[in-house]
Amino acid sequence: MASLTWVLSVLCLATLASCASVSVNVNQICAEAPPRTNFQYKNLNGAPTDFSAMELPADSAATTYTSHTVEKLTFPTAMAGASVEQDLFIDDDTGFVLGVFVNGKASFSLTSPTGKNVPLTPKNTSIPIGDSFQKLVGTEFDLVNVSAGIYKFTVTLVEVGNLVERRNERAIRKPKADAVDGYVVYGTESDVVLSAHVQNDARHITNAQIGVNAKIVDRSAHPLKETLAKGFVPALGTVKILDAEMDVEFPDGHVETAEMHDDGLHNDGAANDGEYGASLKASESGTYEMRALFKGVDSNGNTFKREFEQSQKIVPSAVSLNGKAFAYVKEAGSSKRLMLSLGLKESSPCSGNNIVFRPYAEVWGKDANGKDIAVAFTTNLALVKRFLTVTYVEMEVDLKWAAAANAKGPFTLRNVLVEDNDANAPMDVTASIPVFMFSSSESMTSANEASTSNGLSELEVSLEQVASSFDGVITKEMREGVAPELKGSVDGKVLVVHGYCADKNPFEVQPDDWENAVFYSAAREGNPLSAENNAFAENVLNFAEKVGLSSFSYVGQSQGGMVGTHIKNFYHTGLDAVEGDRVVQTLATPFLGNSALSKLGGVIDIIAPDCTGPYDLTREGALAWQAGIAPATYDNFYFYNTVYEKGLLGGGWCQLLMNSFLELPNDGVTELEFAAPPGTGATFCGTAKGQCHTEDMNWEPSFWDSGRNSMMSRCAGRTNGPLSPASSCQC
C-alpha cells in the first residue's frame with residue numbers, strides 16, 4: 001500500500017514544485033482543520049445511469065412564478081406621525097390581499113383610483129418563520145370586489161417601538177444598507193404572472209457574473225398554477241412592458257440596479273422573445289438578494305407590477321482545480337479501491353481551511369476495444385489536505401464498478417467539480433482530468449506527467465482479480481465505501497428532528513405518540529436555529545454522539561427531513577445499523593426548495609433577522625444540494641405530506657397571505673410540487689388533507705396527528721426491526 005508521504009510527494013513533483021527545494025512547509029503555516037464531527041464521511045459511488053441525477057441543475061430548473069409584489073417602507077423620520085405613501089398596482093377586479101409588516105406601531109389608510117377613501121378592516125396576521133412557534137406578526141387586509149387601478153396606501157407611524165433598534169442592528173450587519181422599516185406585500189389572482197430565475201456563472205465565486213432572467217407569462221394558458229412548475233412552456237403574456245429592472249442587494253447592504261433587456265445581448269435568449277435579462281459582477285462574498293421588478297399594461301389596459309426575489313450565495317475563490325489527479329490501488333473491505341487525490345490550487349495560503357468541500361467526478365476507463373467507457377461517479381465530503389506546497393482532497397472508487405462495466409485503465413475523470421458544501425456553491429469545474437497511476441512500491445522520483453508502467457501494471461492485475469470474483473451484485477460497500485466500526489452504547493432509538501428556525505421540537509409536545517425516541521432541539525442544545533443542511537447535520541450528529549446513539553432511525557419534519565437525507569447520504573452513522581424499511585421518515589419536507597423563503601427574505605431580514613432563511617431551503621439552493629444526493633440514498637426512505645382542505649367554493653389555504661408566495665396546493669409553508677424526493681427510490685405515504693405546517697393556521701398542524709406519529713414510531717427501523725409487523729406498516 002502506498003504511504004501518504006509517497007502519494008503527496010508524487011503530487012508535489014507533478015505540480016512542478018521541487019519538494020527538495022521548498023524551504024517552507026505549508027503544514028507549518030496552515031494548521032489542519034479538525035473534523036467538525038467524529039462521524040466519518042462516506043465515499044459515494046454510483047452507476048453511470050446515475051450521472052444525470054448528479055449533474056448540477058440548470059439555472060432555469062429553479063424558475064418560480066409570482067403574481068405578487070413586495071415593496072419596502074422607510075419612514076422619513078423615526079418619529080411618531082411620520083408617514084410613507086405606496087402605490088399599489090391592482091390589475092384584477094376580483095380583489096387583492098394586502099399585508100403590512102412594520103417595525104413599530106402604525107395606522108393605515110387606502111385611497112381608490114378615483115380618490116375615494118377605501119374602508120379597511122384590519123386583522124392580525126402572522127407568517128411562520130420557518131418551523132418556529134415564532135411568527136412574523138403584521139396586519140392583513142382582504143379586499144374583494146374592488147375595481148382595478150392604482151391605489152394609494154399610506155402607513156403612518158403611531159409608536160416608534162423597536163424601529164430605531166432594528167435600524168441600528170441592520171446597520172451593523174449591513175453597513176452600506178439604506179434604512180428599511182417594513183414591507184408592504186400584495187397579490188392578486190390575475191393571470192399576469194412573472195416567471196423568473198437567477199442566472200449564474202458555472203462558478204459561484206467572487207467576481208463571477210450573477211443576474212436574473214424573467215418574462216411575463218399568461219396563467220390562463222395553464223389554469224392550474226402548479227402545472228407551471230412541471231416543465232410546461234408558459235404562453236407569453238399579451239402585455240406591454242413599461243419597465244424591467246434588476247435590483248441586487250450586496251452582502252454589505254448596498255444596492256445596484258441594472259436595466260433588464262430583451263435584445264439577445266444580456267443572456268436573455270433571442271431578441272424580442274419576451275424574456276429579459278441583466279447581470280453584474282459579484283464583487284464580494286456572501287448572500288446576494290436578487291430582485292426583478294416588472295411594470296407594464298395588460299390586455300385590458302390595467303397597469304400591473306410584479307416582483308421576483310431569490311437569494312444567491314457567492315463564496316471566496318478559495319481553491320481551484322489544478323488539472324491533476326493521481327491514484328494508487330489499496331485493498332480495503334471486501335475489494336480493492338482506487339484511492340484518488342484530486343489536486344487543488346489555493347488562492348492564498350490556508351484559504352482552503354475550515355471549508356467542507358464536495359468533490360465530484362465521473363470515472364471513465366477503456367473497454368476491450370480501447371474506446372472510452374463510463375465506470376462510476378465518485379463524490380464525498382472532504383476537508384482539504386496538504387503536504388509542502390500541495391493541496392488536495394481525497395476520493396475513492398470501488399474497483400468492482402470497473403468490473404461491472406468491463407472497464408480497464410487508464411482512467412480519466414470527467415465533469416469534475418469541487419464545491420463549498422456549506423454553501424452548495426461550485427468553486428471550480430472542468431471537463432476532463434487524466435488520472436496518473438503509480439504503484440505502491442515506487443518512489444516519488446518516478447513521478448512525471450504520465451502513469452508509470454508499474455502503476456498501470458498493478459492496476460491491471462487488481463482489475464483482473466476483482467473481475468474474476470465479482471458476482472454482479474451491487475453492494476452497500478460499493479455505493480458508500482468501507483464502513484467504520486460504530487460507536488455508542490444506546491441501540492434502537494428513533495431520532496426525531498425539527499425543521500428550520502424551530503425554537504422547540506414540535507413532536508415533543510406529544511411525547512406519548514413516540515416510543516423509545518430521542519428529540520433533538522437546536523434551542524436546547526445551544527445550536528443556531530437557522531443553519532444550512534450540512535451545518536445542521538453536524539449539530540444533530542454531535543447530539544447523537546453526546547447521547548450515545550450507536551444505532552437509530554430518523555424522523556424529520558420540514559428541513560429536518562433534508563437534514564436526515566444529508567446524514568444518510570454523506571455520513572457513516574447508526575442509521576446504517578438498523579433493520580427495517582423505514583430508516584428515514586419525513587413529514588412536509590421541501591426537498592426541492594420553497595418558493596416563499598427568498599421572496600420573504602427581505603421581510604425576515606428586517607422584522608426577524610435572527611431567523612434569516614438558509615440558502616439550502618430556497619429553490620436554487622435546494623436543487624444545488626440535491627445534486628450531491630446519490631439516488632440510492634432514497635432507498636428505505638418514507639415521506640408524508642400535508643395540505644389544506646378546500647372549502648365549499650373550491651378555494652383553500654392554510655395562511656391566505658402566504659398563498660401569494662407559494663405554489664398551490666401547499667400546507668402554508670411546503671408546496672406539494674416541491675415536496676417529493678427526486679427519483680423513484682423513496683416510498684410515498686400520502687398527503688393528509690386539512691393539515692397545515694405549523695400552529696395558528698387555518699387547519700390543525702401536521703405534528704398533532706397522533707395516529708401518524710405513532711405509526712412512524714412503531715414502524716421505524718430499529719436494531720432488531722420495527723416494533724410493529726410489516727403488514728401494519730403499509731402506506
Side-chain angles (χ1 to χ4, degrees), residues 63-71 85-99 109-120 140-154 184-196 212-229 232-246 259-262 268 272-276 291-309 595 599 649-651 653 656-657 659-664:
T63 296
T64 60
Y65 300 84
T66 174
S67 58
H68 75 271
T69 305
V70 178
E71 301 282 7
E85 186 178 87
Q86 180 65 56
D87 288 341
L88 307 182
F89 296 87
I90 306 303
D91 56 308
D92 184 67
D93 290 329
T94 61
F96 62 98
V97 60
L98 168 66
S109 63
L110 184 67
T111 303
S112 74
T114 60
K116 295 182 179 180
N117 181 63
V118 178
L120 294 176
E140 180 181 325
F141 305 95
D142 302 328
L143 294 106
V144 297
N145 298 322
V146 296
S147 59
I150 302 174
Y151 289 72
K152 301 287 185 181
F153 184 60
T154 303
V184 172
V185 181
Y186 64 98
T188 72
E189 291 298 316
S190 166
D191 288 329
V192 176
V193 176
L194 181 63
S195 164
V212 174
N213 287 98
K215 59 187 174 184
I216 293 294
V217 299
D218 183 0
R219 176 163 41 193
S220 66
H222 302 296
L224 293 177
K225 185 180 179 184
E226 58 265 29
T227 62
L228 293 173
F232 288 79
V233 178
L236 289 174
T238 54
V239 300
K240 178 182 179 181
I241 303 299
L242 302 177
D243 184 46
E245 71 174 34
M246 177 184 73
E259 183 180 353
M260 299 184 72
H261 298 272
D262 179 19
D268 59 295
N272 302 313
D273 65 352
E275 181 168 325
Y276 289 71
R291 299 179 74 214
L293 300 167
F294 273 57
K295 184 179 177 182
V297 178
D298 66 16
S299 58
N300 296 317
N302 297 320
T303 303
F304 66 85
K305 193 172 185 181
R306 297 289 184 268
E307 183 258 3
F308 158 84
E309 185 169 351
S595 296
K599 299 171 187 177
L649 300 179
W653 61 82
L656 182 58
L657 189 58
N659 262 21
S660 299
F661 299 97
L662 296 171
E663 297 290 332
L664 308 178

(request) For the pair L143 and L110, evaluate side-chain contact (heavy atoms from CB on, under 4.5 Å) and give the outcome as yes or no after the intermediate values. (result) CA-CA 11 Å; L143 294 106; L110 184 67; 3.7 Å; yes
(request) To the nearest 0.5 Å, tell me how far T64 OG1 sits from L194 CG. (result) 7.5 Å
(message) The test is side-chain contact (heavy atoms from CB on, under 4.5 Å); show your working for V97 and E140 and say whether it passes.
(response) CA-CA 7 Å; V97 60; E140 180 181 325; 3.8 Å; yes
Could you give the side-chain donor-acceptor pairs of residues 237-245 under 3.5 Å, partners two or more places apart or in another chain?
none

(message) Once rounded to the nearest 0.5 Å, what's the spacing between atom OG of S67 and atom CD1 of I216?
(response) 10.5 Å
(request) Can you spot which of D87, L88, V70 makes a side chain to side chain contact (heavy atoms under 4.5 Å, CB included) with V184? (result) L88
(request) Please identify each residue that fulfils ring pair (Phe, Tyr, Trp, His ring centres under 6.0 Å) with F304, with sequence neighbours left out. (result) none
(message) How long is the straight-line distance from NE2 of H261 back to CE of M246, given to the nearest 0.5 Å?
(response) 10.0 Å
(message) Using the ring pair (Phe, Tyr, Trp, His ring centres under 6.0 Å) criterion, which residues pair with F294? Sequence neighbours excluded.
(response) Y276
(message) With rounding to the nearest 0.5 angstrom, report the CG to CG distance, N302 to D93.
(response) 6.5 Å
(message) Go through it in stages, so that I can follow the logic: the residues are F661 and V185, the test is side-chain contact (heavy atoms from CB on, under 4.5 Å), and I'd like the CA-CA distance, side-chain angles, deciding distance and then a yes or no.
(response) CA-CA 10 Å; F661 299 97; V185 181; 2.8 Å; yes
(message) The criterion is side chain to side chain contact (heavy atoms under 4.5 Å, CB included); which residues satisfy it with D273, sequence neighbours excluded?
(response) D262, A270, E275
(message) Whether the side chain of T69 engages the backbone of K305 through a donor-acceptor N/O pair (distance < 3.5 Å, no angle test) should be reported.
(response) yes
(request) To the nearest 0.5 Å, tell me how far H68 NE2 sits from L657 CG. (result) 9.5 Å
(request) Among L98, V118, T111, find the residue that satisfies the side chain to side chain contact (heavy atoms under 4.5 Å, CB included) test when tested with F153. (result) L98
(request) Applying side chain to side chain contact (heavy atoms under 4.5 Å, CB included), name anything that partners S190, two or more places apart in sequence or on another chain. (result) D91, D92, T188, V192, R306
(message) Could you measure the distance from the CG atom of L293 to the CE atom of M260? Nearest 0.5 Å is fine.
(response) 9.5 Å
(request) Mind listing the closest non-hydrogen atom pair of N213 and D268 along with its distance? (result) ND2-CA, 3.6 Å
(request) Only counting residues at least two apart or in another chain, list the ones meeting ring pair (Phe, Tyr, Trp, His ring centres under 6.0 Å) with Y151. (result) F96
(request) Over all heavy atoms of both residues, which pair between G274 and K215 is shortest? Give the atoms and the distance, please. (result) O-CB, 3.1 Å
